[in-house]
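Residues take their numbers from the sequence shown, with the count starting at 1.
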Amino acid sequence: MSTHRTLLNILKTVEYSQTLSDVAERLYISQPYISKLLKETENNYHVTLVTRTKPVKLTSAGMTMINGLQSIVDEENQLKDTLVTNSELHHQPIHIAMTDPFLSSIVSGAMTKYYAQHSERKLDIKLINDLSVVNEADMSNVDILIGKRIRDPHFSQIELPSRQLSLFISSHCQTFDPKLLYQRFQNGSLEP
């Protein structure tokens, strides 16, 4: 546990304790360590956090310290959650759907090259023969759609010249850039 988390727990426990020994007993931390940590912090900020008389009490600086430390701990927790989520997303496969079976050899060739360079990244490729029977849940899980344009609220329709391969990239895909109307496809285009 980090020092500021320990200090936060100590200061919160002071409110329910008579002495620093009570605080130590409740937190399973030695009383000398608690005294040392409080003294170092008080010296560092030139304040008194806890009155040492029985019963021990927080000072206004101690309450301010609790609020500040709680904000730091909350931000750390949010950062950790965000990093874990980002890591999980990185390990999820890129979901690619094709609507044109005649493009399968081109797409599989491009995906084979990509996979050869990025074998740690999984690819999930599926062929959708009939767009009229595809439900919204199936399309919401697609990162890249290759083939005919479809009318779906998850995808923006962009007019492209005929006979040009279209990749529709959803906004939760890392390659998505709302500032680019057209993006040239290269081997590195699907890099995480």
Side-chain angles (χ1 to χ4, degrees), residues 1-9 29 37 41 44 66-192:
M1 187 184 306
S2 65
T3 303
H4 55 268
R5 285 179 187 265
T6 304
L7 183 59
L8 177 61
N9 287 334
I29 301 173
L37 183 59
T41 306
N44 190 31
I66 283 178
N67 293 333
L69 289 172
Q70 188 63 58
S71 295
I72 291 169
V73 167
D74 291 345
E75 287 295 321
E76 274 185 346
N77 291 340
Q78 184 177 357
L79 176 62
K80 180 183 174 188
D81 291 345
T82 302
L83 290 173
V84 166
T85 301
N86 190 16
S87 175
E88 289 171 355
L89 284 175
H90 179 73
H91 293 355
Q92 290 181 356
I94 298 172
H95 300 282
I96 302 169
M98 294 186 312
T99 61
D100 189 343
F102 297 107
L103 294 175
S104 61
S105 63
I106 297 169
V107 171
S108 61
M111 295 305 116
T112 301
K113 287 180 185 176
Y114 176 79
Y115 188 73
Q117 294 176 356
H118 307 281
S119 58
E120 76 285 351
R121 188 69 184 197
K122 304 286 187 257
L123 300 172
D124 174 36
I125 303 172
K126 64 181 169 184
L127 179 62
I128 302 173
N129 291 326
D130 188 0
L131 289 173
S132 61
V133 297
V134 176
N135 64 32
E136 191 172 316
D138 289 339
M139 293 311 295
S140 66
N141 197 25
V142 172
D143 296 313
I144 300 173
L145 177 69
I146 302 172
K148 299 177 202 170
R149 287 170 279 168
I150 61 171
R151 300 194 187 284
D152 185 294
H154 293 92
F155 298 98
S156 299
Q157 183 171 340
I158 302 171
E159 294 300 325
L160 297 172
S162 62
R163 306 296 300 153
Q164 186 170 359
L165 177 64
S166 303
L167 294 175
F168 292 92
I169 301 174
S170 66
S171 61
H172 68 277
C173 185
Q174 291 179 352
T175 312
F176 178 76
D177 184 354
K179 294 178 231 133
L180 292 176
L181 181 60
Y182 300 104
Q183 184 174 346
R184 295 188 72 77
F185 182 77
Q186 301 168 350
N187 283 341
S189 295
L190 298 178
E191 284 187 32

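Partner of T3 under the side chain to side chain contact (heavy atoms under 4.5 Å, CB included) criterion, chosen from T41, L69, L37, L8: L37. Each of N67, I72, D74 was evaluated against Q70; a single residue qualifies, D74, per the side chain to side chain contact (heavy atoms under 4.5 Å, CB included) test.
Residues satisfying the side-chain contact (heavy atoms from CB on, under 4.5 Å) test with N77, not counting sequence neighbours, are R5, V73. Looking at residues two or more places apart in sequence or on another chain, you find a side-chain contact (heavy atoms from CB on, under 4.5 Å) between Q78 and E75, T82. In this structure N44 satisfies the side chain to side chain donor-acceptor pair (under 3.5 Å) test with no other residue, sequence neighbours excluded.
Residue I66 holds its CD1 atom at 10.0 Å from CG of N9, rounded to the nearest 0.5 Å. Distance CG/L83 to NZ/K80: 10.5 Å, rounded to 0.5 Å.
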